[in-house]
Trainee: 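Sending over a structure as structure tokens; questions will come in a sec.
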Number of protein chains: 2
Amino acid sequence: MAATPPAHLSPRKKPRQARAAMTLDAIFEATIQVLLAEGLHRLTTTRVAERAGVSVGTMYQYFPNKQSLLYALNERYLDIVAEKVEKTCRGKHGATTAEMVQALVDAYWQAKTERRDVTRALYRSAVELDNEALIEAFAQRVDAATIAMLASASDGSYVDLHLVNTTLLAVIFGTVRNVFERNLTASMEADIRSQLTTMCLSYLKAASADRAAR
Amino acid sequence: MAATPPAHLSPRKKPRQARAAMTLDAIFEATIQVLLAEGLHRLTTTRVAERAGVSVGTMYQYFPNKQSLLYALNERYLDIVAEKVEKTCRGKHGATTAEMVQALVDAYWQAKTERRDVTRALYRSAVELDNEALIEAFAQRVDAATIAMLASASDGSYVDLHLVNTTLLAVIFGTVRNVFERNLTASMEADIRSQLTTMCLSYLKAASADRAAR
DNA sequence: ACCTGAACACCGTTCAAGT
DNA sequence: ACCTGAACACCGTTCAAGT
């Protein structure tokens, strides 16, 4: 689960009535819409409230400030991505390293591409916040999933699995973000994605204790 | 040189007198200071002006808006990084692939680490802006430098040098950013840096036409 | 050519009042 | 328990006036 956010960013209260839960959903949905339609610097509490059909005061019942709204939005999003990656990893226990890497890169890339406008908007929105806790929680969750997967590989083991795994994830996360921030053609993007897979695989082979022992 | 920024982000005028040049420098310096001391969301035009010892009106003579100030700051910074990478690349023409990769990762990582607080602050500040043009210009400049270097390698050539090179840079840029956004120990960071070098190298070997032909 | 700072429209956040 | 919206302090940006 996501780590508890810093106090000044945590939601004020949870909705206790169905009406309130709907209000919250409307606020999140409105935030995404304003973010996409107007951009981060035009994302104002007034505009979000208006689009959500509530008053500003209502927003402030759930979130102590604007940042915490964006924080919660990113948290939701990362939860979904993490869940997808976890599921993929569980499905590949015992497989070959090649299958694992392929599946991992595909799952992560796919999760980020599904709604690429939202992904981009959230990458940007995250800047305002004290988001280290958020990123760290996400990283550790994925870390656990991929470590367990790699440890079960049928064709290789690593002297320092922890380091290899952290490196692998830093490279995948980083590269995907870098690609998303540039304006590349779809085919160039697809090419890089496939090259990234190749690259991760050749790294794992080079780092494999198994191979070194042969 | 850096590409011309979008009209709404380009500086209003260049300083024509020594006094004005000093004013501009003071504004840039103040911006970095406020960014480091107070963070992005407390970076206000008033605060920057006050710290720079000028009035707000003066700032607006040089920059049409707050974004353009951050744009110019990032431009300056990326120019310095690009220059360092270019110099490193020129120095390795004709060397082995291993030397090149090592030098490239070191140069880039080093440039970003030199003032890591500034690097982090600028990564964050860049979010507000329409910074695609900025990133693209930087990427293309480095791209040209590394392509020329790799093409001169004494021990390998590539079927699709362009793709290999773009992938390599996306991975390096992305990974470095990812590492900077996390809170890792110094030794963990050093380890990842060295692993990244290994990884790039094993990728280049795998992608080398030379080796495939053997 | 360069600088000033009061003025304006707008933003984040609060809180007394409502259902 | 939940929602409202006027009120307040502050922000980005302008522009008439100064040197």
Side-chain angles (χ1 to χ4, degrees), chain A residues 6-31 34-35 37-73 125 127-130, chain B residues 6-31 34-35 37-73 125 127-130:
Chain A
H8 60 108
L9 292 180
S10 44
R12 266 191 168 135
K13 64 171 177 185
K14 300 227 165 211
R16 291 171 194 276
Q17 297 178 2
R19 174 174 58 145
M22 279 179 54
T23 301
L24 247 184
D25 275 342
I27 292 174
F28 280 129
E29 185 53 35
T31 308
V34 174
L35 216 44
E38 316 243 13
L40 181 60
H41 77 283
R42 302 209 65 205
L43 182 94
T44 68
T45 50
T46 325
R47 255 188 278 266
V48 170
E50 191 185 16
R51 192 128 187 174
V54 299
S55 83
V56 238
T58 299
M59 273 191 45
Y60 278 87
Q61 279 201 288
Y62 298 101
F63 306 99
N65 49 53
K66 187 176 135 181
Q67 286 191 33
S68 70
L69 169 63
L70 291 173
Y71 193 99
L73 198 64
S125 78
V127 167
E128 292 275 4
L129 3 146
D130 204 358
Chain B
H8 60 109
L9 293 179
S10 44
R12 268 196 165 131
K13 64 172 180 186
K14 300 227 161 209
R16 292 172 192 277
Q17 298 180 2
R19 174 175 56 147
M22 280 179 53
T23 301
L24 245 183
D25 274 341
I27 292 174
F28 280 128
E29 186 53 36
T31 307
V34 174
L35 216 44
E38 316 242 13
L40 181 60
H41 76 284
R42 301 208 66 204
L43 182 93
T44 68
T45 50
T46 325
R47 256 188 276 266
V48 170
E50 191 183 18
R51 192 129 189 173
V54 299
S55 82
V56 238
T58 299
M59 273 191 45
Y60 278 87
Q61 279 200 288
Y62 297 102
F63 305 100
N65 48 54
K66 189 177 134 180
Q67 288 192 30
S68 70
L69 169 64
L70 290 173
Y71 193 98
L73 198 65
S125 78
V127 169
E128 293 274 4
L129 3 144
D130 203 358

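Below, chain A is the first sequence line, B the second, and so on; all start at residue 1.
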Trainee: Dump the pairs, protein N or O against N or O of nucleotides 16-19 of chain D, anything under 3.5 Å, distances to one decimal.
Mentor:
none

Trainee: Tell me: CD of A:Gln67 to C1' of C:dT13, nearest whole Å?
Mentor: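 The answer, rounded to whole Å, is 13 Å.
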Trainee: Between atom NZ in A:Lys66 and atom C1' in C:dT14, what is the gap in whole Å?
Mentor: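 Atom-to-atom, A:Lys66 to C:dT14, this comes out as 17 Å.
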Trainee: Looking across every strand, which nucleic acid part, if any, lies under 4.0 Å from A:Leu43 by heavy atom: base, sugar-phosphate, or nothing?
Mentor: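 Here A:Leu43 touches the backbone only, sparing every base.
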Trainee: Any side-chain N or O of B:Thr45 below 4.0 angstrom from OP1/OP2 of D:dG12?
Mentor: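 For D:dG12, OP1 or OP2 has a side-chain N or O of B:Thr45 closer than 4.0 Å.
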Trainee: To the nearest Å, how far apart are A:Asn65 CG and D:dC11 C1'?
Mentor: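 After rounding, the reported distance stands at 17 Å.
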Trainee: Among C:dC11, D:dC2, D:dG5, which nucleotide has an atom closest to any side-chain atom of A:Val56?
Mentor: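 It is D:dG5.
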Trainee: Strictly below 4.0 Å: does B:Arg47 bring a side-chain N or O up to OP1 or OP2 of D:dC10?
Mentor: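 Checking B:Arg47 against D:dC10: no side-chain N or O falls below 4.0 Å of OP1 or OP2.
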Trainee: Base, sugar-phosphate or nothing for B:Gln17? Non-hydrogen atoms, less than 4.0 Å.
Mentor: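 Result for B:Gln17 = sugar-phosphate.
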Trainee: Please name the pair of heavy atoms, one in B:Ser10 and one in B:Pro64, separated by the smallest distance, quoted to 0.1 Å.
Mentor: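 In terms of heavy atoms, the two residues are closest at O-CD, 3.4 Å.
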Trainee: With DNA chain C as reference, determine whether B:Met59 or A:Thr46 sits nearer its 5' end, using the nearest nucleotide of each.
Mentor: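 Of the two residues, B:Met59 wins.
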Trainee: Output yes when a side-chain donor or acceptor of A:Thr31 lies under 3.5 Å from a complementary backbone atom of A:Ile27, and no otherwise.
Mentor: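 It does hold such a pair.
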Trainee: So which pairs with a foot in residues 40-49 of chain B pass salt bridge (charged side-chain N to carboxylate O under 4.0 Å, His left out), sequence neighbours left out?
Mentor: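 Found B:Glu38-B:Arg42.
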Trainee: Expressed as a whole number of angstroms, how long is the span from A:Phe63:CZ to D:dC3:C1'?
Mentor: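 Computing the A:Phe63:CZ to D:dC3:C1' distance gives 15 Å.
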Trainee: Looking at D:dC15, I'd like to know if its phosphate oxygens (OP1 or OP2) sit under 4.0 Å from a side-chain N or O belonging to B:Tyr60.
Mentor: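 So the side chain of B:Tyr60 is outside the cut-off, no N or O lying under 4.0 Å from OP1 or OP2 of D:dC15.
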Trainee: Would you kindly give the CD-to-P distance between B:Gln61 and D:dT13, to the nearest whole Å?
Mentor: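 Interatomic distance, CD of B:Gln61 to P of D:dT13: 15 Å.
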Trainee: Choosing from C:dT13, D:dT13, C:dC2, which nucleotide comes nearest the side chain of B:Tyr62?
Mentor: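 Shortest atom-to-atom distance from the side chain points to C:dC2.
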Trainee: Please, what dot-bracket string fits DNA chain C when only Watson-Crick and G-U pairs with both distances under 3.5 Å count, crossing ones use [ ] and pairs to another strand use |?
Mentor: ||.|||||...|||||.||
Trainee: Taking the side chain as C-beta and beyond, is there a heavy-atom pair between A:Thr45 and A:Tyr60 under 4.5 Å?
Mentor: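 In contact.
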Trainee: A:Val56 versus A:Val48: any side-chain heavy-atom pair under 4.5 Å?
Mentor: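 Counting from C-beta outward, A:Val56 and A:Val48 never come under 4.5 Å.
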Trainee: With side chains defined as the heavy atoms from C-beta onward, is the minimum distance between B:Leu73 and B:Ser125 less than 4.5 Å?
Mentor: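 In short, these two side chains do not touch, never coming nearer than 4.5 Å.
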Trainee: Closer than 4.0 Å, any side-chain N/O of A:Thr23 to the OP1 or OP2 of D:dC3?
Mentor: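 Checking D:dC3 against A:Thr23, a side-chain N or O does come within under 4.0 Å of OP1 or OP2.
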Trainee: With ring centroids as reference points, do B:Phe63 and B:Phe28 lie under 6.0 angstrom apart?
Mentor: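 Aromatic pair counts; centres sit under 6.0 Å.
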Trainee: Whole angstroms only, please: what is the CG-P distance between A:Leu24 and D:dA1?
Mentor: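 It works out to 16 Å between those atoms.
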Trainee: Indicate yes or no: at least one non-hydrogen side-chain atom of A:Thr23 is less than 4.5 angstrom from one of A:Gln61.
Mentor: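 No; the side chains remain at least 4.5 Å from each other.
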Trainee: Are B:Thr58 and C:dC3 close enough that a side-chain N or O sits under 4.0 Å from OP1 or OP2?
Mentor: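 Indeed not, no polar side-chain atom of B:Thr58 lies that close.
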Trainee: Is there a side-chain contact between B:Val34 and B:Thr44 in this structure, where contact means two heavy atoms from C-beta onward sitting under 4.5 Å apart?
Mentor: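 They are not in contact (no side-chain heavy atoms under 4.5 Å apart), so the answer is no.
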Trainee: Remember a base hit wins even if backbone is also touched, and classify A:Arg42 as base, sugar-phosphate or nothing at under 4.0 Å, heavy atoms.
Mentor: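 The residue A:Arg42 makes no contact with any strand.
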Trainee: Measure from CE on B:Met22 to P on C:dC3 and round the result to the nearest Å.
Mentor: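 Rounding to the nearest Å, CE of B:Met22 and P of C:dC3 are 10 Å apart.
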Trainee: Which atom names give the shortest non-hydrogen contact between A:Met59 and A:Ala49, and what distance separates them?
Mentor: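 What the structure gives for the nearest pair is SD-N, 4.1 Å.
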Trainee: To the nearest angstrom, how far is B:His41 atom NE2 from C:dG12 atom P?
Mentor: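 Atom-to-atom, B:His41 to C:dG12, this comes out as 12 Å.
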